[in-house]
Number of protein chains: 2
Amino acid sequence: MAVTTTAQVAPFPKSGHDHARCRDWMIKRAESLCLDQGLRFTPQRREVLEILSTAHQCLGAYDILERMGHRDRRPPPAAVYRSLDFLMELNLVHRMTSRNAFFACTRAEHAAPIQFWICRHCGVVGESESTLITDEVARLAGELAFRPETINVEIEGACQTCRTP
Amino acid sequence: MAVTTTAQVAPFPKSGHDHARCRDWMIKRAESLCLDQGLRFTPQRREVLEILSTAHQCLGAYDILERMGHRDRRPPPAAVYRSLDFLMELNLVHRMTSRNAFFACTRAEHAAPIQFWICRHCGVVGESESTLITDEVARLAGELAFRPETINVEIEGACQTCRTP
DNA sequence: CAAGAAATTGATATAATATATCGTTCGGTA
DNA sequence: TACCGAACGATATATTATATCAATTTCTTG
Ligand SMILES: [Zn+2]
Ligand SMILES: [Zn+2]
Ligand SMILES: [Zn+2]
Ligand SMILES: [Zn+2]
């Protein structure tokens with residue numbers, strides 16, 4: 001495969017965009033993905049993904065929990081983690097390790113390892129997919145005689161919306 | 001400043017190297033750094049750094065705690081976190097967010113943001129300093145209209161020692 | 001449909017990580 | 001010595017995550 005030096009950049013979510021549309025798209029994608037793989041997109045898993053995709057930002061597991069089940073009939077913590085594990089396995093949800101938080105993936109495909117961008121002010125998360133970074137990690141790994149298995153890149157800062165009031 | 005496409009790579013700690021020598025070097029560096037800046041390198045802070053630099057791998061805050069004070073007279077959790085905060089402020093210690101763990105920095109200077117490499121088997125941590133990755137992050141940030149403030153790159157995998165038994 | 005297997009969820013408890021608060025001690029300085 | 005601020009001790013609590021086992025639901029097969 002050819003190694004390109006250009007990166008494909010995912011759009012950072014716009015400030016005025018329609019969250020409901022995002023959410024519907026992500027839910028439909030989850031449905032078809034599960035259908036294809038013979039997996040069950042249960043109501044609980046759906047609810048977790050709906051909450052994350054509507055929020056469109058990082059949420060902690062207990063933040064998600066608080067929004068589930070309409071006060072009564074709230075599931076135990078383990079249920080949230082189980083749903084999150086399921087969704088992360090399918091790359092429908094990612095974990096932001098620097099915040100112990102989770103967010104819904106906005107990309108159609110994951111061709112390569114991705115980079116996460118999170119705004120400190122509004123908590124909105126963007127994703128990019130730079131092959132250049134991936135290639136450089138591979139090159140460094142060679143020098144270090146290290147075999148990489150997972151690559152985690154998280155950049156915190158300020159998004160455009162929060163810088164231009 | 002010129003932008004180079006080569007990266008400066010820190011040595012990954014060798015399997016047979018002398019931990020005591022590492023530790024002594026790190027302690028001396030901390031001493032001189034605190035002296036320069038008029039900061040106090042107290043016995044508690046020293047003990048935390050000694051533990052981390054001797055271990056030469058990621059340790060959780062409570063792992064560090066267990067090794068402090070010789071069973072009796074063990075400080076409370078907050079004390080460890082206070083020392084870690086102090087040491088991280090000086091870049092003498094880094095936090096591995098994907099593991100909620102801490103390790104002693106092995107570099108003399110931090111010219112640029114660094115990348116962390118951690119072996120899943122032995123827990124040993126290496127650091128690299130790739131300007132290429134930093135530059136690419138800056139370029140992506142421009143496209144995303146994002147202002148980066150912290151860049152966290154963590155690569156998990158297998159080190160050479162653990163792959164060649 | 002009935003029975004059994006497998007996956008999912010509920011319920012409870014607990015582990016692991018991190019912070020808040022406040023009073024005391026320690027170090028340097030006037 | 002008296003003072004001030006940094007550091008520490010003590011206690012409590014918050015936050016994040018997992019373990020275990022029983023109950024329920026769903027799927028499979030006869
Ligand atoms: Zn994604
Ligand atoms: Zn923002
Ligand atoms: Zn370092
Ligand atoms: Zn190793």
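Chain letters run A, B, ... following the sequence lines, proteins first and then strands; every chain starts at 1. As a basis for the values below, the full set of heavy atoms in this structure was taken, side chains included, without hydrogen atoms, waters or symmetry mates.
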Expressed in angstrom and rounded to an integer, what is the separation of [X] atom [atom1] from [N] atom [atom2]?
X     : N      : atom1 : atom2 : result
B/L87 : D/dA7  : CG    : P     : 12 Å
A/M96 : D/dT16 : CE    : C1'   : 17 Å
A/L65 : D/dT15 : CG    : P     : 13 Å
A/Q44 : C/dG10 : CD    : C1'   : 9 Å
A/L84 : C/dT9  : CG    : P     : 12 Å
A/L59 : D/dT15 : CG    : P     : 15 Å

Is the number of heavy atoms from other residues, nucleotides or ligands under 6.0 Å of A/Q37 CD greater than 12? yes
Donor-acceptor under 3.5 Å (A/R163 side chain, B/A145 main chain): yes
When you measure from the side chain of B/T54 to the backbone of B/I51, do you find a donor-acceptor pair of N or O atoms at a distance under 3.5 Å? no
My understanding is that only one of B/F102, B/F116, B/W117 makes a ring-ring contact (aromatic ring centres under 6.0 Å, His included) with B/H94; could you say which? B/F116
With sugar-phosphate taken as primed atoms, P, OP1 and OP2 and all else as base, the protein-contact string of nucleotides 14-30 of chain C at under 4.0 Å (heavy atoms; B, S, -) is ---BBBB------S---
Are B/R45 and D/dA7 close enough that a side-chain N or O sits under 4.0 Å from OP1 or OP2? yes
Check whether any side-chain heavy atom of B/L65 sits under 4.5 Å from a side-chain heavy atom of B/Y81, and report yes or no. no
Between A/E154 and A/T97, is the side chain to side chain donor-acceptor pair (under 3.5 Å) condition met? List the steps. CA-CA 8 Å; A/E154 301 178 7; A/T97 69; 3.0 Å; yes
